Amino acid sequence: QVQLVESGGGLVQPGGSLRLSCAVSGFTLDYYAIGWFRQAPGKEREGISCISSSDGSTYYADSVKGRFTISRDNAKNTVYLQMNSLEPEDKAVYYCATDLRALCGSRWHAFSRYHVWGQGTQVTVSS
């Protein structure tokens, strides 16, 4: 059974950092791209980052570029999202997802293409 499980969310002050984890099971992470999305109340789900499998290419939304870093540890079957310089606007539920393709591609940010999702982890940025 293909499964994704996010962890690492929580409450952090503006300017702080968090590292989210996405643990995968039921498939070998080596061969598949993983995307990170977030959804704030009343807003659409937003693609924020993706990492490909074969060459490790990474992609970021403009809203997080320079602050967030995606990485993967295939040996641990885990993808990470290091989030620095967090802002109140980053408050959302964060999800990892896969469509079981190797590459992120140009439409990596389109949530409709992903069919395997984790349950999400809440991130709150507040003083």
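Just so you know, these numbers come straight off a predicted model, no measurement behind them.
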J.: Holding to ring-ring contact (aromatic ring centres under 6.0 Å, His included), I want the full list of residues that pass it with Tyr32, two or more places apart in sequence or in another chain.
T.: Phe27

J.: The criterion is ring-ring contact (aromatic ring centres under 6.0 Å, His included); which residues satisfy it with Phe37, sequence neighbours excluded?
T.: Tyr114, Trp117

J.: Give me the atom names and distance for the closest heavy-atom approach of Ser21 to Thr78.
T.: CB-CG2, 4.1 Å

J.: May I have the step-by-step check of side-chain contact (heavy atoms from CB on, under 4.5 Å) for Lys91 and Gln122, ending in yes or no?
T.: CA-CA 8 Å; Lys91 176 184 176 180; Gln122 176 72 51; 4.0 Å; yes

J.: Hey, does the side chain of Ser53 reach the backbone of Tyr31 with a donor-acceptor pair shorter than 3.5 angstrom?
T.: yes

J.: Assess whether side-chain contact (heavy atoms from CB on, under 4.5 Å) is satisfied between Leu86 and Phe68, documenting all intermediate values.
T.: CA-CA 9 Å; Leu86 284 162; Phe68 291 10; 3.8 Å; yes

J.: Is there a path of hydrophobic side-chain contacts, each under 4.5 Å between heavy atoms of I, L, V, M, F, W or Y residues, that connects Val24 with Leu100?
T.: yes

J.: Among the clusters formed by ILVMFWY side chains lying less than 4.5 Å apart, do Tyr60 and Trp108 turn up in the same one?
T.: no

J.: Atom CZ of residue position Arg113 - does it have more than 12 heavy atoms of other residues, nucleotides or ligands inside 6.0 Å?
T.: yes

J.: Grab the two heavy atoms, one from Cys104 and one from Ser52, that are nearest each other, plus how far apart they are.
T.: N-OG, 2.9 Å

J.: Strictly distance-based, threshold 3.5 Å: is any side-chain N or O of Glu6 a donor or acceptor partner for the main-chain N or O of Gln119?
T.: yes

J.: So, taking the atom named CD1 in Ile34 and the one named CG in Leu81, what distance separates them when rounded to the nearest 0.5 Å?
T.: 12.5 Å

J.: Please check if Leu4 and Val79 belong to a single hydrophobic cluster, counting links between Ile, Leu, Val, Met, Phe, Trp and Tyr side chain heavy atoms closer than 4.5 Å.
T.: yes

J.: Would a hydrophobic clustering, with Ile, Leu, Val, Met, Phe, Trp and Tyr connected at side-chain separations under 4.5 Å, put Val93 with Phe111?
T.: yes

J.: Working note: Arg38 + Val64, criterion side-chain contact (heavy atoms from CB on, under 4.5 Å); need CA distance, chi angles, decisive distance, verdict.
T.: CA-CA 11 Å; Arg38 67 185 180 185; Val64 306; 4.0 Å; yes

J.: Are the side chains of Arg107 and Ser112 in touch, meaning some heavy atoms are under 4.5 Å apart?
T.: yes

J.: Distance from Cys50 atom SG to Ile70 atom CD1, nearest 0.5 Å?
T.: 6.0 Å

J.: Hey, could you give me each pair passing ring pair (Phe, Tyr, Trp, His ring centres under 6.0 Å) that has a residue in residues 70-101? Not counting sequence neighbours.
T.: none

J.: Any chance you could measure Gln82, atom CD, to Arg19, atom CZ, to the nearest 0.5 Å?
T.: 7.0 Å

J.: Nearest 0.5 Å please: distance from the CG atom of Leu29 over to the CG atom of Asn74.
T.: 4.5 Å

J.: Mind listing the closest non-hydrogen atom pair of Ser17 and Ser85 along with its distance?
T.: OG-N, 4.4 Å

J.: So, Asp30 versus Thr28: side-chain donor-acceptor pair below 3.5 Å or not?
T.: no

J.: Starting at CG of Leu18, measure out to OG1 of Thr121 and round the result to the nearest 0.5 Å.
T.: 8.5 Å

J.: Which atom names give the shortest non-hydrogen contact between Asp99 and His115, and what distance separates them?
T.: O-CE1, 3.3 Å

J.: Does some side-chain heavy atom of Leu11 sit less than 4.5 Å from a side-chain heavy atom of Ser126?
T.: yes

J.: For the pair Asp90 and Arg67, evaluate side-chain contact (heavy atoms from CB on, under 4.5 Å) and give the outcome as yes or no after the intermediate values.
T.: CA-CA 11 Å; Asp90 295 316; Arg67 300 188 297 124; 2.7 Å; yes

J.: Would a distance-only check, ignoring hydrogens and angles, find a side-chain to backbone donor-acceptor pair under 3.5 Å from Arg72 to Ala33?
T.: no

J.: Rounded to the nearest 0.5 Å, what separation is found between the CG atom of Leu20 and the CH2 atom of Trp36?
T.: 4.5 Å

